[in-house]
Amino acid sequence: GETPLKAALREVEEETGLNLDPLKVLPVGSLHIRFDTFDFIFHMFFTQFSSIPEIENDPTAHIDWRWLTVDEARELPKILGGREAFDLFS
């Protein structure tokens, strides 16, 4: 199967066009959230950029995107369990 890191690298590339160096993507931790009928496991990673990278946006896949500060991101609506993951690791 695919490791959480490989899945994260693949998703970042598919969604943004960014090819991240796996040696510079560091695991922050995981959070398991259980609901009545399903579970989520959030695997959180961290990386840094020396400058703001150019994003390849697919308008058929995304309505909008933008870079945010941590405080701005905290105010966005989250998927179920997303608030807990964000609060734990930000």
Side-chain angles (χ1 to χ4, degrees):
E2 190 175 44
T3 67
L5 175 59
K6 287 189 183 224
L9 294 169
R10 177 182 49 75
E11 284 292 327
V12 167
E13 195 279 326
E14 288 175 3
E15 299 296 330
T16 67
L18 295 176
N19 290 302
L20 301 179
D21 179 347
L23 298 176
K24 294 182 179 178
V25 178
L26 307 175
V28 175
S30 297
L31 175 65
H32 184 219
I33 298 178
R34 174 158 287 169
F35 293 98
D36 291 339
T37 57
F38 56 91
D39 297 343
F40 279 117
I41 300 175
F42 289 92
H43 299 283
M44 308 295 284
F45 297 91
F46 171 83
T47 194
Q48 287 185 306
F49 300 103
S50 57
S51 61
I52 297 175
E54 197 65 35
I55 299 298
E56 295 175 14
N57 182 45
D58 177 357
T60 64
H62 304 284
I63 296 169
D64 190 20
W65 74 271
R66 62 192 174 278
W67 292 105
L68 301 171
T69 66
V70 171
D71 289 336
E72 291 168 332
R74 185 173 281 116
E75 298 306 315
L76 291 176
K78 311 284 186 291
I79 63 170
L80 288 174
R83 168 96 32 219
E84 294 88 341
F86 190 89
D87 289 345
L88 185 62
F89 297 115
S90 66

Between [atom1] of [X] and [atom2] of [Y], what distance do you get to the nearest 0.5 Å?
X	Y	atom1	atom2	answer
L9	N19	CG	CG	9.0 Å
L18	E56	CG	CD	7.5 Å
N57	I55	CG	CD1	9.0 Å

Atom of D58, atom of T60 and distance for their closest heavy-atom approach: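 Between these two residues, the closest heavy atoms are OD1-OG1, 2.6 Å.
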Smallest separation among heavy atoms of T69 and E72, with atom names: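 That closest heavy-atom pairing would be N-OE1, 2.8 Å.
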Joint cluster assignment, [X] & [Y], ILVMFWY side-chain distance < 4.5 Å:
X	Y	answer
V25	W67	yes
I52	L68	no
F46	M44	yes

side-chain hydrogen bond (donor to acceptor under 3.5 Å, both in side chains) pairs, two or more places apart, involving residues 40-49: S30-H43
Parallel, tilted or perpendicular, as decided by the 30° and 60° cut-offs, for the rings of F38 and F40: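 F40 vs F38 ring planes: perpendicular.
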Stepwise side chain to side chain contact (heavy atoms under 4.5 Å, CB included) test for F42 and V28: CA-CA 10 Å; F42 289 92; V28 175; over 6 Å; no
Atom CD of E54 with >12 non-hydrogen neighbours under 6.0 angstrom: no
Heavy-atom side-chain contact between F45 and P22 under 4.5 Å: no
